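Encoded as structure tokens, the structure appears first; notes follow it.
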Amino acid sequence: MKIEDLIKSKVNSEVSDLRGWVSSIRDHGGLVFIELRDSSSKIQIVLDSENVDIDTFKSEYYISVNGTYIKRDKSMINKSQQFGEYEINAESYSIISKSKPLPFQIDDSIDTDENIRLKFRYLDLRRDDMKRNILARSNTFKSIRNSMDSLSFLELDTPTLTKSTPEGAKDFLVPSRKQSGSFYALPQSPQMYKQLFMISGFNKYYQIAKCYRDEDSRKDRQPEFTQLDLEILNGTPDEVRKTTEIIVNELLDNVFSIKVDVPFQDMTYKEAIENYGTDKPDLRITETIEDLTNIFKNTEINFIKSSLENSGFVKGFHTSTIMTRSEIDALDELVKDNGSNGLGWFKIENSTVSGPLSKITTDKENEELLKLGDGMLLFQSGNMEIYPVLDIIRRQIFTPVETYSFTWIYDFPYFEVENGEIQPSHHPFTSPKDTENFIEDPNNATALHYDLVLNGSELGSGSQRINSPDIQRKVLEMWGLSDDDIENRFGWFIEALSYGTPQHAGIALGIDRIIAVMLNVDSIRDVIPFPKTQSGLDPLTNAPTIIDENELEDYNLKYIEVADE
Ligand code: ASP
């Protein structure tokens, strides 16, 4: 019998074979109190000390109890639990399965090292908080499947042993035993396959897909993650946006009982950068970046002067909260850790401007600063590189209101430069907004790419796709691929695009991330049943592991010594 079945039981009725784990034991001389936990509920069991050998009875033993379902004494009621008004007066019990001493207590209030939690994840998942998270995940899948079904999407699956599918990360490779020396790549996303479904004439595709990207794990990244991937034949960015809003709206309502307004707001990439310093703005904070260049146009402050001479600008925030010296120093540290030369600041208080730079401000500058009113002026001077720092300052000094703020970002530049190399800011299958302009001036072209952002986290990305083999080839050329590379890596796909490819558009939403943001947990690892650590390891199974030399031989592979650099 399960604890939740007691809902149907009458007080004072007999209970038999009630099963669960011993969550806690308290020996009160004469009586032993056990908190019994099963997959969804908890209830107190009371045993007569005479009937129980307390020394043979330990936490997390899985037991079966027979007894009577009774009301607790008024003073003993636990309002925080579903069955807190009741208990089981046990007549007998049996131990179904014993537990070794636990590596950590199964208790939400205990701070256990994450590596240990992951090593014993099956125990960690017995905790209430983790149960709640994983349940929300299961309900999320259910809500998505219901929405997709009512929107007439087909659930279609795609292979995971594939050729490389570029999404801006390195691939996980799988050696083939039969084709020795050759490797499959695990998909970074089902991107090209879902486009093939459009070429084949399936109207609306979706999949709850596993994606694999061999990149540095960060708080919100995992080498293996789950996304809702969808694609619409003859779809436009507008249709994808509307569809996504329906799915997200239903999900929030069904799983988290939260109603949000649709349509979501939107802004161009340029507006996002200029106002918030990032393409993932946290709109729970209403303050935006202010242009302060005018205040300093005739400045004698050297670093500002040289920025302005190099067509730079001064941007920042005025806040009415006066900061202490140690708060300023901490923020200065933070911006330096993020690539800035330091925090520019003035304190304005009682008609006086202070701060290290106040000694070199002109009378005119002082006058302008006083006009801002009491508070702090925090700023950066330079060019585009100051925006990410301004985003950090903004999120540090202003407090977000508690809400769910969605926004679409669109009109992204087609290419971006990362680590000195030009690459598509989405992926190379994204359609340019204006093909002619793309061919003439690709570095300044705009992409038909859109992102969905919630509370400063990117939930998803999508685009209208290229449906012309010539434009596809052109993009790959602009990306810097040689003709041979294009042929070897994408020849098959360009070929597929050459047989009457309809217009199509789609998106992918990070399911792990949506759940993590909605549950307000620290990391997506907390909403994935069996995640990897930050360094991509699985402490539970010890994967990845070194493979035995003999086994490698089957694949025609062997380890070689690499000299230390
Ligand atoms: N393939 C893209 C991704 O995984 C999503 C999309 O463009 O639909 O990010």
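Nothing here was measured: the structure is a model prediction, and the numbers come from that model. In listed order, ligands and their atoms are each counted from 1.
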**Message:** Under a plain distance cut-off of 3.5 Å, with no hydrogens placed, do N556 and S180 share a side-chain donor-acceptor pair?
**Reply:** yes
**Complete:** Quick note on ligand 1: atoms under 4.0 Å from a heavy atom of H426 include exactly 6 (C), 7 (O)
**Item:** Numbered atoms of ligand 1 (with element) below 4.0 Å of K194, judged on heavy atoms
**Value:** 6 (C), 8 (O)
**R132/D128 salt bridge by N-O under 4.0 Å criterion** = no
**Item:** Gap separating the NE2 atom of H504 from the OG1 atom of T236, nearest 0.5 angstrom
**Value:** 13.5 Å
**Request:** Mark up the atoms of ligand 1 that fall under 4.0 Å of a heavy atom belonging to Q227, in ascending order.
**Result:** 4 (O)
**Asked** Hey, are D238 and K242 close enough for a salt bridge, meaning a charged N less than 4.0 Å from a carboxylate O?
**Response** yes
**Item:** Check: H427 N/O within less than 3.5 Å of ligand 1 N/O
**Value:** yes
**Message:** As an exercise, identify every atom of ligand 1 less than 4.0 angstrom from a heavy atom of R213.
**Reply:** 3 (C), 4 (O), 9 (O)
**Request:** Name the option, out of G510, A505, G506, S461, that contains the heavy atom nearest to atom 5 (C) of ligand 1.
**Result:** S461
**Reference residue F264; test ring pair (Phe, Tyr, Trp, His ring centres under 6.0 Å); the match among F406, Y404, Y410** = F406
**Lys/Arg-Asp/Glu bridge criterion (N-O < 4.0 Å) met for R473, E487** = yes
**Item:** Parallel, tilted or perpendicular, as decided by the 30° and 60° cut-offs, for the rings of F412 and H449
**Value:** parallel
**Prompt:** Is it the side chain (CB and beyond), the backbone, both or neither of S189 that lies under 4.0 Å from ligand 1, heavy atoms counted?
**Reply:** side chain
**Message:** So if I count the atoms of ligand 1 from 1 in the order they appear, which ones are less than 4.0 Å from some heavy atom of I507?
**Reply:** 8 (O)
**Request:** Report the part of Q464 (side chain from C-beta onward, or backbone N, CA, C, O) that has a heavy atom under 4.0 Å from ligand 1; answer both or neither where that applies.
**Result:** neither
**Item:** Which residue and heavy atom of the protein sit nearest atom 2 (C) of ligand 1, plus the separation
**Value:** E167 OE2, 3.4 Å
**Request:** Could you list which atoms of ligand 1 come closer than 4.0 Å to a heavy atom of R465?
**Result:** 6 (C), 7 (O), 8 (O)
**Prompt:** With backbone taken as N, CA, C and O and side chain as the heavy atoms from C-beta onward, which portion of M192 lies under 4.0 Å from ligand 1: side chain, backbone, both, or neither?
**Reply:** neither
**Asked** Can you check whether E231 has an N/O within less than 3.5 Å of an N/O in ligand 1?
**Response** no
**Item:** Which of the ligand 1 atoms, numbered from 1, are nearer than 4.0 Å to a heavy atom of Q191
**Value:** 1 (N), 2 (C), 5 (C), 6 (C), 7 (O), 8 (O)
**Message:** Can you confirm whether the side chains of N419 and E421 place a donor and an acceptor under 3.5 Å from each other?
**Reply:** no
**Item:** Donor-acceptor pair between S152 and K204 side chains, under 3.5 angstrom
**Value:** no
